[in-house]
Number of protein chains: 2
Amino acid sequence: MNVRTLCLAILSFGESTGYEIKKQSVDGKFSYFVDASFGSIYPALARLEADGLVTSRQEIQPGKPPRKIYAITDAGQAALVEALSEPPGRDIFRSEFLLIAMCAKSLPQHVVTGAIEARIQAIEEEVEQLRHVVAELDDEAAIWTAQYGVTCKAQALANLRETRADLEKLAGSRLSNTNANAAE
Amino acid sequence: MNVRTLCLAILSFGESTGYEIKKQSVDGKFSYFVDASFGSIYPALARLEADGLVTSRQEIQPGKPPRKIYAITDAGQAALVEALSEPPGRDIFRSEFLLIAMCAKSLPQHVVTGAIEARIQAIEEEVEQLRHVVAELDDEAAIWTAQYGVTCKAQALANLRETRADLEKLAGSRLSNTNANAAE
DNA sequence: TCAAACATGTATCGGTTCGATATATGGACG
DNA sequence: CGTCCATATATCGAACCGATACATGTTTGA
């Protein structure tokens with residue numbers, strides 16, 4: 001899932017600026033399963049325009065930086081469908097928290113407990129924010145997607161709450177002197 | 001979670017080669033929440049060795065390419081604890097499948113159905129493989145982590161099975177002529 | 001039977017992407 | 001009244017992925 005396809009997908013829901021595309025992929029309806037930085041979005045948009053898959057027009061507003069509004073073309077729409085029609089790649093999941101969990105035995109208890117609590121709070125916020133997104137959506141497919149995310153995240157949170165004590169019990173059981181010094 | 005920390009974490013469970021580290025992060029007990037390629041592992045190991053956080057010895061076996069076996073040092077163990085003691089970054093989840101789900105209305109039904117079925121099969125395989133991993137583990141923290149993954153994945157699979165029909169109903173409802181041509 | 005495919009193993013290279021930063025301006029907040 | 005935050009575009013270095021090259025032994029199958 002390269003950034004060009006992502007931009008096309010977001011633009012297929014309506015015209016937008018580079019800044020708004022970034023926001024959509026961080027806070028908006030695409031937020032929980034994609035991610036993109038300015039460093040990849042702006043070059044991607046430039047290349048899409050050069051390839052004729054999007055068009056841009058400049059909106060000059062007095063006293064504000066001008067907005068460069070991008071819109072998808074018919075060729076872009078076709079390219080999007082073509083890209084999404086190929087067998088999708090595997091989902092990617094990366095978790096620093098689970099790396100900490102793996103190494104729990106070598107870590108001081110407070111580090112493990114702190115990581116669990118941070119993780120719980122992070123999921124809570126994500127669920128809360130996704131519920132917000134769901135409430136404001138009108139596209140049924142987008143609602144399905146966000147709702148699926150809410151359900152999965154809420155379950156992951158419940159699992160963590162139920163089993164966290166088992167992990168915390170293990171924390172520090174392989175803690176060496178060397179670690180004790182480094183920890184604080 | 002940079003690759004250097006990942007290498008240290010894997011090496012903290014025992015000495016290993018670059019090739020085996022890659023395998024652990026793709027098939028093994030770290031497989032479902034980390035990922036690293038040779039292009040990042042080998043340079044990372046070289047730098048870790050230069051920094052004195054790991055050591056290496058060459059094992060020459062007749063009729064086979066020599067193995068370069070890395071082991072973590074005390075300094076490396078301390079650096080690992082230090083790195084994992086910092087507040088963990090957010091979990092990252094990326095899904096090409098969910099991007100397809102988002103765009104379901106613009107896609108032909110067979111594409112959406114195909115993506116769902118591919119996704120179901122992929123999760124089934126992942127759960128199956130993780131169960132295998134759990135069965136062969138002895139470290140309790142590693143078992144906790146893998147078990148957490150099994151539970152979450154199994155729930156995500158159940159959710160998908162329960163709601164897939166709703167998504168499939170939406171497929172193609174915004175399908176334009178342009179798309180119809182591009183799809184096949 | 002013998003080639004093709006695959007597993008082990010190290011390593012590099014091009015292209016993509018991240019994270020931080022620069023630049024510019026208006027509004028909010030204490 | 002200065003500092004921070006939101007809007008907005010854009011670039012740069014570092015990190016990283018995916019593919020590939022190389023070398024060799026084993027397994028698989030037409």
Side-chain angles (χ1 to χ4, degrees), chain A residues 1-8 10 15-28 30-31 33-51 54 56-70 83 86-87 89-94 96, chain B residues 1-8 10 15-28 31 33-51 54 56-70 83 86-87 89-94 96 99:
Chain A
M1 176 179 44
N2 62 24
V3 179
R4 281 195 306 288
T5 308
L6 172 61
C7 287
L8 286 178
I10 293 180
E15 43 176 42
S16 184
T17 68
Y19 183 79
E20 282 171 354
I21 288 175
K22 161 84 173 170
K23 264 196 17 182
Q24 289 254 314
S25 73
V26 168
D27 306 314
F30 293 84
S31 62
F33 62 94
V34 297
D35 196 20
S37 59
F38 291 132
S40 53
I41 288 173
Y42 283 114
L45 287 171
R47 191 169 143 189
L48 286 171
E49 188 172 17
D51 292 349
V54 305
S56 76
R57 62 191 167 83
Q58 202 131 24
E59 194 186 67
I60 297 153
Q61 31 191 5
K64 275 189 179 179
R67 289 153 49 88
K68 207 166 171 182
I69 302 168
Y70 289 91
E86 286 182 34
R90 293 215 151 194
D91 287 11
I92 291 169
F93 176 63
R94 292 199 201 176
E96 218 165 310
Chain B
M1 177 180 42
N2 61 26
V3 177
R4 280 194 308 287
T5 307
L6 172 62
C7 287
L8 286 178
I10 293 180
E15 42 177 42
S16 183
T17 67
Y19 184 81
E20 281 171 354
I21 288 175
K22 160 81 172 171
K23 263 194 20 181
Q24 290 253 313
S25 73
V26 168
D27 306 315
S31 62
F33 62 94
V34 297
D35 196 19
S37 60
F38 291 130
S40 52
I41 289 172
Y42 283 113
L45 287 171
R47 193 169 141 189
L48 286 172
E49 189 173 15
D51 292 349
V54 306
S56 77
R57 61 188 167 86
Q58 202 132 24
E59 194 185 69
I60 297 154
Q61 32 192 7
K64 274 187 178 178
R67 290 154 48 91
K68 208 166 173 182
I69 302 169
Y70 290 91
E86 288 181 35
R90 293 214 152 195
D91 287 11
I92 291 169
F93 176 63
R94 290 199 201 174
E96 217 166 312
L99 190 62

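This one's a predicted model, so the numbers in the text were calculated from it and none came from an experiment. Sequence lines set the chain letters: A, B, ... in the order given, protein chains first and strands last, and positions in each chain run from 1.
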Residue set satisfying ring-ring contact (aromatic ring centres under 6.0 Å, His included) with F93(A), at least two apart, ordered chain then number -> none
List the residues meeting ring-ring contact (aromatic ring centres under 6.0 Å, His included) with Y70(A), not counting sequence neighbours, and say none if there are none. none
I need the CD-C1' distance between Q24(A) and dT7(D), as an integer number of Å. 15 Å
Expressed in angstrom and rounded to an integer, what is the separation of L45(B) atom CG from dT12(C) atom P? 12 Å
I need the CZ-P distance between R67(B) and dA11(C), as an integer number of Å. 13 Å
Give a yes or no on whether the backbone of M1(B) and the side-chain of E96(A) come within a donor-acceptor separation of less than 3.5 Å. yes
Grab the CD1-C1' distance between I60(A) and dT9(D) for me, whole Å please. 14 Å
Please report, rounded to the nearest Å, how far the P atom of dA11(C) is from the CD1 atom of I21(B). 12 Å
Residues which pass salt bridge (charged side-chain N to carboxylate O under 4.0 Å, His left out) with R90(B), listed by chain and number, not counting sequence neighbours: E125(A), E126(A)
It should be established whether T17(B) places a side-chain nitrogen or oxygen under 4.0 Å from OP1 or OP2 of nucleotide dT8(C). no
Between E20(A) (CD) and dA6(D) (P), how many Å, whole number? 15 Å
Can you tell if the side chain of R57(B) reaches within under 4.5 Å of the side chain of I69(B), non-hydrogen atoms only? yes
Listed partners of Y19(B) passing ring-ring contact (aromatic ring centres under 6.0 Å, His included), at least two apart: none
Report yes if some heavy atom in the side chain of C7(B) is under 4.5 Å from a heavy atom in the side chain of V54(B); otherwise report no. no
In this structure, how many angstroms lie between the C1' atom of dT17(C) and the CD1 atom of I92(B), rounded? 12 Å
Note: L6(A) and D35(A) closest approach over all heavy atoms is CD2-O, 4.5 Å
If we fit an axis to the first five pairs and another to the last five of the helix from dT1(C)-dA30(D) to dG30(C)-dC1(D), what angle do they make, to the nearest 10°? 40°
Mind checking K23(A) for me? I need base, sugar-phosphate or nothing, with any heavy atom below 4.0 Å counting as a touch. sugar-phosphate
For residues I10(B) and V34(B), determine if any side-chain heavy atom of one lies less than 4.5 Å from a side-chain heavy atom of the other. no
Whole angstrom value for the distance that separates P of dA7(C) from NZ of K22(B): 14 Å
Between Y19(B) and dT10(C), is there a contact of a side-chain N or O with OP1 or OP2 at under 4.0 Å? no
Once base and sugar-phosphate atoms are separated, protein heavy atoms under 4.0 Å mark nucleotides 10-17 of chain D, 5' to 3', with B, S and - as BBB--SSB
